[in-house]
Amino acid sequence: MAVVSDIRENFADQLVSAIRRKNSCVVVGLDPSFKLIPDTIKQKFSASQKQALEYASRVILEFNTQVIDLITPYVSIVKPQIAFYELYGWWGVWAYAETIQYARQKGLIVIGDVKRGDVPSTAEAYANAHIGEVHIDNIVEIPFAADAITVNPLLGTDSLIPFLQTARKHNKGIFILVKTSNPSSGEFQDIMCGTKKLHEIIAERTHAWGKDFIGKQGYSAVGAVVGATFSHEISKLRKIMPTAYFLVPGYGAQGATAKDIAHCFNPDGLGAIISASRSILYAYNISPWEKKYGISAWKDATQEAVIKMNEEIRKILK
């Protein structure tokens, strides 16, 4: 399918508009776990079990489409984590691409959680694959068509330039890993480099990289991944990166609560999007919804979990 270059508005402006439209800054992480997907979905594809990777990928795509249909009235952003698709080989990558396409057809913003970062020539290939386009003879194709992706800055500026350039060309966004939510992130990210921690230096550079990407709403298309599980770091990072949108993992299954993410936001109530995956996708398997619904009513559990998360975050923004 031949395509033309993207001429949409600045990614940060798209993000703000989407958040305001549904009054929700929730990001639903589409991290499919095959064993937790209800059997009612798996049974639709039982005839394909001889080709196990194809079978699993088709189940995942069906589950994702049903989840997207369910959450679209309540949220504007989804975040598929590519590792959960690459697990199933090229069929899984197919499911990843189809998931992005379906979500965008539903009007959702898609953040590809790919955490790419490499030497410039390789970074350019990653950037064009995920947020850019590919020229094949006289044909232009968009391989994945995510609206934004996560990137790793540890190889330095030249590894990020291709992502920045591609984001600018196509009005896409990037979220730079600054302070991640995993327990041992501090082993490197908290190392003192003179008088500053390494993640603070990355935050300063993220702010600098993002200065030329600020949209009409005052926010940059260059955002930052800032984990909710380290709430004591958030206020300082918010001051260092006042115009960056924070993509905040760690809510829900990783233990962070609405109080932990309060300082991610600016006084205007904007500046952060809060991600949860397991606590929404598999709410039927988590208390209190486990006793209330169970797997047979997984959709009801997911719907209630999304609504509750929206309500919890809205309370801290009042």
Side-chain angles (χ1 to χ4, degrees), residues 11-12 15 25 27 79 111 113-120 123 127 148-165 167-168 173-215 217-251 254-275 313 316-317:
F11 170 75
L15 195 59
C25 61
V27 180
K79 182 177 69 65
I111 300 171
D113 196 352
V114 300
K115 297 183 175 70
R116 297 297 196 251
D118 215 315
V119 296
I149 55 171
T150 55
V151 297
N152 189 329
L154 289 183
L155 272 74
T157 298
D158 62 353
S159 73
L160 283 181
I161 286 175
F163 294 105
L164 294 166
Q165 291 175 335
R168 181 188 302 281
I174 63 172
F175 290 90
I176 296 172
L177 302 182
V178 173
K179 179 59 178 171
T180 58
S181 60
N182 55 304
S184 63
S185 67
E187 288 181 11
F188 297 110
Q189 295 169 18
D190 291 352
I191 288 175
M192 294 301 297
C193 302
T195 60
K196 301 173 183 177
K197 294 180 180 179
L198 177 58
H199 72 258
E200 294 170 353
I201 294 172
I202 296 173
E204 291 174 350
R205 297 305 299 270
T206 297
H207 177 64
W209 286 319
K211 284 183 177 180
D212 293 333
F213 290 79
I214 295 176
Q217 300 296 326
Y219 286 94
S220 176
V222 178
V225 177
V226 177
T229 47
F230 296 97
S231 57
H232 56 285
E233 308 281 4
I234 291 174
S235 294
K236 189 168 187 178
L237 291 173
R238 182 76 276 176
K239 292 177 181 177
I240 295 172
M241 301 179 287
T243 58
Y245 239 91
F246 285 11
L247 170 58
V248 185
Y251 191 96
Q254 292 188 54
T257 65
K259 291 182 179 179
D260 295 318
I261 53 98
H263 295 294
C264 291
F265 297 91
N266 279 318
D268 60 5
L270 298 171
I273 49 177
I274 315 303
S275 177
I313 295 173
I316 67 169
L317 294 176

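Values below: all heavy atoms of this structure, side chains included; hydrogens, waters and symmetry mates excluded.
- With hydrogens and angles disregarded, no donor-acceptor distance shorter than 3.5 Å links the side chain of Asp260 to the backbone of Thr229.
- A donor-acceptor contact shorter than 3.5 Å is absent between the side chain of Ser185 and the backbone of Ser181.
- Taking every heavy atom of both residues into account, Ala244 and Gly223 meet most closely at CB-CA, 4.3 Å.
- More than 12 heavy atoms of other residues, nucleotides or ligands sit less than 6.0 Å from atom NZ of Lys115.
- Put simply, the side chain of Tyr245 gets close to the backbone of Gly271: a donor and an acceptor are under 3.5 Å apart.
- Nearest heavy atom pair, residue Val248 against residue Ala272, reads CG2-CB, 4.4 Å.
- When atom types are taken as modelled, the side chain of Asn152 and the backbone of Leu154 share a donor-acceptor pair closer than 3.5 angstrom.
- For the atom pair NZ of Lys236 and NZ of Lys179, the computed distance is 12.5 Å after rounding to the nearest 0.5 Å.
- Taking CG from Leu317 and CG from Asn266, the interatomic distance works out to 11.0 Å, rounded to the nearest 0.5 Å.
- Closest heavy-atom contact between Lys196 and Ile201: CB-CG1, 4.0 Å.
- Using a 4.5 Å cut-off on side-chain heavy atoms (C-beta onward), Leu164 and Phe213 make contact.
- In terms of heavy-atom proximity, Pro120 sits nearest to Pro162 at O-CG, 3.5 Å.
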Practice problem: Kindly indicate, with the supporting measurements, whether the criterion side-chain contact (heavy atoms from CB on, under 4.5 Å) is fulfilled by Phe265 and Ile274. | Solution: CA-CA 10 Å; Phe265 297 91; Ile274 315 303; 4.0 Å; yes
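- Among Ile111, Ile273, Ile149, the single residue meeting the side chain to side chain contact (heavy atoms under 4.5 Å, CB included) criterion with Lys79 is Ile111.
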Exercise. Begin with the C-alpha distance, continue with both residues' side-chain angles, and end with the deciding distance and a verdict on side-chain contact (heavy atoms from CB on, under 4.5 Å) for Ser220 and Ile214.
Key: CA-CA 4 Å; Ser220 176; Ile214 295 176; 4.1 Å; yes
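- Here the side chain of Gln189 pairs a donor or acceptor atom with the backbone of Thr180 at under 3.5 angstrom.
- In plain terms, the two heavy atoms of Tyr219 and Pro242 that are nearest each other are CE2-O, 4.0 Å.
- Separating the CD1 atom in Ile261 from the OG atom in Ser275 is a distance of 12.0 Å, to the nearest 0.5 Å.
- In terms of modelled atom types and a separation under 3.5 Å, the side chain of Arg205 and the main chain of Pro153 share no donor-acceptor contact.
- Atom CG of Leu177 and atom CD1 of Ile202 lie 8.5 Å apart (nearest 0.5 Å).
- The minimum heavy-atom distance between Leu270 and Asp268, with the atom names listed, is N-OD1, 2.8 Å.
- In this structure, His263 contributes its side chain and Ile234 its backbone to no donor-acceptor pair below 3.5 Å.
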Exercise. Take Phe230 and Leu237 through the side-chain contact (heavy atoms from CB on, under 4.5 Å) test and state the conclusion after the steps.
Key: CA-CA 11 Å; Phe230 296 97; Leu237 291 173; over 6 Å; no
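- Phe163 CZ to Phe175 CZ: the interatomic distance, rounded to the nearest 0.5 Å, is 14.5 Å.
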Self-check item: Residue pair Ile174, Trp209: steps toward the side-chain contact (heavy atoms from CB on, under 4.5 Å) verdict
Solution: CA-CA 11 Å; Ile174 63 172; Trp209 286 319; over 6 Å; no
